[in-house]
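Letters A, B, ... mirror the listed sequences (proteins, then strands); counts begin at 1.
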Amino acid sequence: MSQVCVRFAPSPSGFLHVGNVRTALFNYLFARNQGGRFLLRIEDTDEETSTPENERVILETLNWLGLEWDGNMARQSRHRERHLAEANRLLAEGHAYRCRCTPEELELKRHAAEAAGRNRKYDGTCREKNYPDDGTPFCVRLKSPREGETSFHDLIKGDISVRNAEVDDIIIVRTNKSPVYNFAVVVDDHDMEITHVIRGDGHLTNTIPQILLYRALGYTVPECAHLPLVLAPDRKPLAKRRGAKAVLEYKREGYLPDAVVNYMARLGWGYGDQEYFTRQELIEKFSLEGVQAAPAAFDPKKFDWLAGEHIRACDNEKLFRYFSEYLLEFTSYSVNESLFAHLPDWRNSLIESVKERARTLSEMLDKCRFCLVEEVEIEEKAGKRFLTEAIREPIRDVLNFIASSAGEPTEQEWMDCLTAIMEKYQLKMKDMVQPIRVALTGSTVSPPIDRVLILLGKERVRQRLEAAMAGIR
RNA sequence: GGCCCCAUCGUCUAGGGGUUAGGACGCCAGACUCUCAUUCUGGAAACCCGGGUUCGAUUCCCGGUGGGGCCGCCA
């Protein structure tokens with residue numbers, strides 16, 4: 001058998017939601033798993049929506065997720081002449097015919113058929129007329145068989161079979177001489193030597209007329225796999241309204257691309273009890289047999305959990321890179337090296353202190369914002385509750401410790417200092433730590449206090465404690 | 001309306017003619033603990049319904065119900 005070749009063929013609507021991207025992902029995983037090729041073809045025959053900007057969004061999404069395609073990106077619009085040539089061949093070979101019914105007439109016929117309770121398919125008025133090309137406007141229709149049935153084996157859905165009497169004579173070339181999608185796809189997939197068509201459920205019904213087209217054209221019919229829908233959390237189909245969100249939005253929210261890939265793969269696909277997958281594992285373990293036939297609902301909670309798993313599994317160096325790039329692209333913060341001059345291993349310390357409590361790069365920022373800025377603003381409620389007269393003397397002792405310490409204290413030295421002061425004033429750990437936490441971070445929630453202390457360094461600790469003291473009246 | 005597809009905890013799923021129907025997220029309770037989080041332990045929670053086939057169906061078949069898709073000179 002020839003080498004596996006698949007394609008992702010989006011129309012550039014300017015929007016790639018989870019469902020679209022999962023289709024791309026499954027194509028990608030299948031190709032990589034099979035050692036085959038993964039091609040990209042933009043279905044840009046509709047000039048209205050096919051703008052460079054919309055195309056750019058598709059490429060950016062694919063690039064962000066690392067779904068690299070092979071070869072050059074194809075544009076369906078470039079193949080128009082080829083499509084028309086094949087249509088003419090069908091005409092010449094008697095597999096297609098010229099239809100002179102106007103759109104208005106067809107509209108009326110459909111309504112009439114519907115009112116009479118009949119199938120709305122074309123009534124075949126022009127089917128046997130053999131109209132020549134004499135200047136009268138016409139569109140081209142496939143002359144599909146009326147007897148028997150057409151069936152195929154879908155790799156996910158199983159055997160699908162439809163009586164040919166139910167199948168329409170689909171239009172393949174419009175009156176204005178532009179090829180219709182269903183036809184263009186077949187010619188392109190054949191020309192690109194696509195062996196497996198893996199696409200959304202919505203195309204399942206299209207497949208029957210397309211198979212008829214393959215046969216009429218004398219092409220080999222590729223294997224087909226129709227992926228079940230991805231549903232919004234409320235189990236309604238993903239739509240621009242409701243849960244549908246551009247996948248690039250997750251980039252903005254700080255999700256790691258591998259987390260998005262992992263979660264999307266698990267939507268409709270499973271591998272035993274495994275939930276967490278690296279990209280490599282996905283490639284090794286993916287198979288169409290593992291794909292569910294039923295639609296799957298997007299679960300934001302599980303996605304977040306998995307996102308956290310990926311943050312925790314990411315090595316610190318790499319995570320730091322993700323983090324600083326994220327800050328640069330989407331926020332006004334940055335990791336200013338000069339703030340950490342006191343800490344040799346500051347990158348590691350910074351990442352280490354937030355990665356266990358964040359699920360996204362954005363949450364990482366939330367957890368360490370206190371040490372990325374010169375000064376913190378103390379939350380009013382927290383200040384009122386913890387920065388009270390009772391803590392004045394203990395804080396003074398901490399300041400004395402700072403004044404007397406020669407170098408930069410280690411975590412252990414900081415904790416020894418706090419412990420000693422605690423004992424001196426008969427304070428419990430939390431009664432000592434919470435006020436200091438509030439003074440240093442502005443919040444009652446932060447990484448462990450020893451981490452906070454070393455990240456800030458004694459100079460910034462001193463400044464913040466003094467500021468807090470001043471605030472106590 | 002016609003045609004087609006689908007159906008295991010709330011969600012993602014494993015499984016499959018005989019199982020205490022397994023895991024994960026989430027939820028609840030507890031442990032750990034300087035907060036939050038991580039981690040650990042325990043708990044509640046499912047085979048859509050009805051017929052058949054069978055000694056025995058959640059599993060196989062048929063029907064129903066429910067959900068969804070397609071029926072464009074859109075893609």
Side-chain angles (χ1 to χ4, degrees), chain A residues 9-13 43-46 48-50 76 99 101-103 106-107 110 113-121 137-141 154 156-158 160-163 165-168 170-178 180-182 184-185 200-208 226 228-229 231 233 235-237 263 266-276 290 292-306 308 312 354-359 363 367 382 386 415 418 422 428-434 436-438 441 443-450 452:
Chain A
S11 66
S13 63
E43 310 277 47
D44 60 346
T45 46
D46 182 359
E48 303 269 313
T49 58
S50 302
Q76 186 156 68
C99 172
C101 299
T102 65
L106 294 172
E107 187 67 25
R110 268 195 297 272
E114 195 167 347
R118 281 179 286 120
N119 191 320
R120 303 196 276 212
K121 58 179 274 206
F138 66 90
C139 68
V140 181
R141 284 183 185 271
D154 188 275
I156 292 169
K157 304 281 186 179
I160 310 286
S161 171
V162 177
R163 293 191 310 280
E166 303 289 343
V167 182
D168 210 346
I170 60 164
I171 292 173
I172 60 178
V173 178
R174 299 187 185 89
T175 306
N176 68 4
K177 299 283 183 286
S178 66
V180 172
Y181 167 80
N182 265 320
V185 166
D201 212 345
H203 293 286
L204 187 61
T205 329
N206 283 340
T207 307
I208 293 290
H226 286 89
L229 247 41
L231 308 176
R235 288 199 64 85
K236 294 289 183 190
Y263 183 68
R266 284 288 289 104
L267 230 38
W269 175 80
Y271 189 84
D273 286 342
Q274 189 171 350
E275 298 288 351
Y276 179 92
Q292 205 78 9
F298 187 93
D299 180 355
K301 291 259 184 59
K302 185 161 186 176
F303 178 39
D304 279 346
W305 166 77
L306 200 50
R312 266 164 259 136
V354 293
K355 74 190 291 190
E356 278 200 352
R357 30 184 65 72
R359 295 172 297 202
E363 286 184 2
K367 306 300 177 191
F386 291 104
M415 288 315 282
L418 293 187
M422 258 165 54
K428 288 188 200 152
M429 190 64 146
K430 64 179 174 195
D431 295 325
M432 179 74 196
V433 167
Q434 279 302 76
I436 292 181
R437 187 192 309 284
V438 170
T441 71
S443 164
T444 55
V445 177
S446 86
I449 198 68
D450 49 350
V452 170

Engineer: In the strands shown, is B:C60 matched to any nucleotide by a Watson-Crick or G-U wobble pair with both distances under 3.5 Å, and which?
Structural biologist: B:G52
Engineer: To the nearest Å, how far apart are A:M432 CE and B:U33 C1'?
Structural biologist: 18 Å
Engineer: Using a 4.0 Å heavy-atom cut-off across all strands, classify A:L267 as base, sugar-phosphate, or nothing.
Structural biologist: sugar-phosphate
Engineer: Give me the distance, rounded to whole Å, that separates B:U20 from B:U54 when you measure between the P atoms they each carry.
Structural biologist: 25 Å
Engineer: Parallel, tilted or perpendicular for A:F303 and A:Y263, by the 30°/60° rule?
Structural biologist: tilted
Engineer: Using Watson-Crick or G-U wobble geometry with both distances below 3.5 Å, tell me the partner of B:G66, or none.
Structural biologist: B:C6
Engineer: Looking at A:K121 and A:V167, would you say the former's side chain and the latter's main chain have a donor-acceptor pair under 3.5 Å?
Structural biologist: yes
Engineer: Output the rounded distance in Å from OH (A:Y263) to P (B:U13).
Structural biologist: 8 Å
Engineer: Do other residues, nucleotides or ligands put more than 12 heavy atoms under 6.0 Å from the NZ atom of A:K430?
Structural biologist: no
Engineer: When you compare B:G43 with B:A24, how far apart are their P atoms, in angstrom units rounded to a whole number?
Structural biologist: 12 Å
Engineer: Atom pairs, N/O to N/O, protein against nucleotides 69-71 of chain B, distance under 3.5 Å?
Structural biologist:
from	atom 1	to	atom 2	distance (Å)
B:C71	N3	A:R120	NH2	2.8

Engineer: Provide the distance between the two P atoms, one in B:C4 and one in B:A21, to the nearest whole Å.
Structural biologist: 37 Å
Engineer: State the pairing partner of B:A37; accept Watson-Crick or G-U wobble contacts with both distances under 3.5 Å, and report none otherwise.
Structural biologist: none
Engineer: Can you tell me how far apart CD1 (A:I449) and CE (A:M429) are? Round to the nearest 0.5 Å.
Structural biologist: 9.0 Å
Engineer: In whole Å, what separates the C1' atom of B:G18 from that of B:C32?
Structural biologist: 44 Å
Engineer: C1' atom, B:A31 versus B:G69: distance in rounded Å?
Structural biologist: 50 Å
Engineer: Sort out the partner of B:C27 for me: Watson-Crick or G-U wobble, both distances under 3.5 Å, none otherwise.
Structural biologist: B:G43
Engineer: Report the nucleotide, chosen from B:C36, B:U13, B:C34, that has the shortest atom-to-atom distance to any side-chain atom of A:K430.
Structural biologist: B:C34
Engineer: At under 4.0 Å between heavy atoms, what does A:P228 touch on the DNA or RNA strands: base, sugar-phosphate, or nothing?
Structural biologist: nothing
Engineer: Checking contacts here: which listed nucleotide (B:C12, B:G68, B:U35) is nearest the side-chain heavy atoms of A:K236?
Structural biologist: B:G68
Engineer: Going from CG on A:L267 to CG on A:L229, what distance comes out if it is rounded to the nearest 0.5 angstrom?
Structural biologist: 10.5 Å
Engineer: Looking only at side-chain N and O atoms, does A:S446 come under 4.0 Å of OP1 or OP2 in B:U35?
Structural biologist: no
Engineer: Could you encode protein contacts along nucleotides 22-28 of chain B as a string, one character per nucleotide from 5' to 3', using B for base contact, S for sugar-phosphate-only contact and - for no contact, with a heavy-atom cut-off of under 4.0 Å?
Structural biologist: BBBBS--
Engineer: About how many Å separate OG1 of A:T207 and CG of A:N182, when rounded to the nearest 0.5 Å?
Structural biologist: 9.0 Å
Engineer: Looking at CG of A:D168 and OG1 of A:T205, how far apart are the two atoms once the value is rounded to the nearest 0.5 Å?
Structural biologist: 12.5 Å
Engineer: NA contact type, A:G268, heavy-atom cut-off 4.0 Å: base, sugar-phosphate, or nothing?
Structural biologist: sugar-phosphate
Engineer: If you assign A:Y181 and A:G270 each to the RNA chain B nucleotide with the nearest heavy atom, which residue ends up on the more 5' nucleotide?
Structural biologist: A:G270
Engineer: Students often get this wrong, so: under 4.0 angstrom with heavy atoms, is A:D154 touching a base, only sugar-phosphate, or nothing?
Structural biologist: nothing
Engineer: Choosing from B:U13, B:C34, B:A75, which nucleotide comes nearest the side chain of A:P448?
Structural biologist: B:C34
Engineer: Could you tell me the Watson-Crick or G-U partner of B:G1, where both distances fall under 3.5 Å? Say none if there is no partner.
Structural biologist: B:C71
Engineer: Atom CE of A:M429 and atom P of B:C32: how far apart are they, to the nearest Å?
Structural biologist: 16 Å
Engineer: Pick the P atom in B:G23 and in B:G15, then give their distance to the nearest Å.
Structural biologist: 15 Å
Engineer: If you pin A:R437 and A:D44 to their nearest nucleotides in RNA chain B, which one's is more 5'?
Structural biologist: A:R437
Engineer: Rounded to whole angstrom, note down the P distance from B:C5 over to B:G42.
Structural biologist: 44 Å
Engineer: CZ/A:R357 to OG/A:S446 distance, rounded to the nearest 0.5 angstrom?
Structural biologist: 7.5 Å
Engineer: By the 4.0 Å heavy-atom rule, please label A:I171 as base, sugar-phosphate, or nothing.
Structural biologist: base
Engineer: Starting from P on B:C34, measure out to CD on A:Q434 and report it in whole angstrom.
Structural biologist: 11 Å
Engineer: Between B:C6, B:A37, B:C73, spot the one nearest the side chain of A:A293, thanks.
Structural biologist: B:C6
Engineer: Pick base, sugar-phosphate or nothing for A:S443, based on heavy-atom distances below 4.0 Å to the nucleic acid.
Structural biologist: nothing
Engineer: Between B:A14 and B:A29, how far apart are the C1' atoms? Round to whole Å, please.
Structural biologist: 27 Å
Engineer: Testing the 3.5 Å rule here: is there a donor-acceptor pair between the side chains of A:S178 and A:R174?
Structural biologist: yes
Engineer: Tell me whether the OP1 or OP2 atom of B:G2 has a side-chain N or O from A:R163 closer than 4.0 Å.
Structural biologist: no
Engineer: Touch check for A:D431, heavy atoms < 4.0 angstrom, all strands: base, sugar-phosphate only, or nothing?
Structural biologist: nothing
Engineer: What is the separation between atom CD on A:E114 and atom C1' on B:G72, rounded to the nearest whole Å?
Structural biologist: 13 Å
Engineer: Using a heavy-atom cut-off of 4.0 Å across all strands, would you classify A:S178 as base, sugar-phosphate, or nothing?
Structural biologist: nothing
Engineer: Using atom CG of A:L418 as one end and atom P of B:C34 as the other, report the distance to the nearest whole Å.
Structural biologist: 12 Å
Engineer: Which heavy-atom pair separates A:P228 from A:A294 by the least distance, and what is that distance?
Structural biologist: CB-O, 3.3 Å
Engineer: May I have the distance from A:E356 (atom CD) to B:U39 (atom P), rounded to whole angstrom?
Structural biologist: 8 Å
Engineer: For a quick test of reading the model: is some side-chain N or O of A:Q292 closer than 4.0 Å to OP1 or OP2 of B:A14?
Structural biologist: yes
Engineer: Does atom OH of A:Y271 have more than 12 heavy-atom neighbours, drawn from other residues, nucleotides or ligands, at distances under 6.0 Å?
Structural biologist: no
Engineer: How far does CG of A:N206 sit from NE2 of A:H226, to the nearest 0.5 angstrom?
Structural biologist: 7.5 Å
Engineer: Indicate yes or no for a side-chain donor-acceptor contact from A:R437 to the backbone of A:P447 under 3.5 Å, with no hydrogens or angles considered.
Structural biologist: yes
Engineer: Using the side-chain heavy atoms of A:R357, tell me which of these nucleotides is nearest: B:C12, B:A75, B:A37.
Structural biologist: B:A37
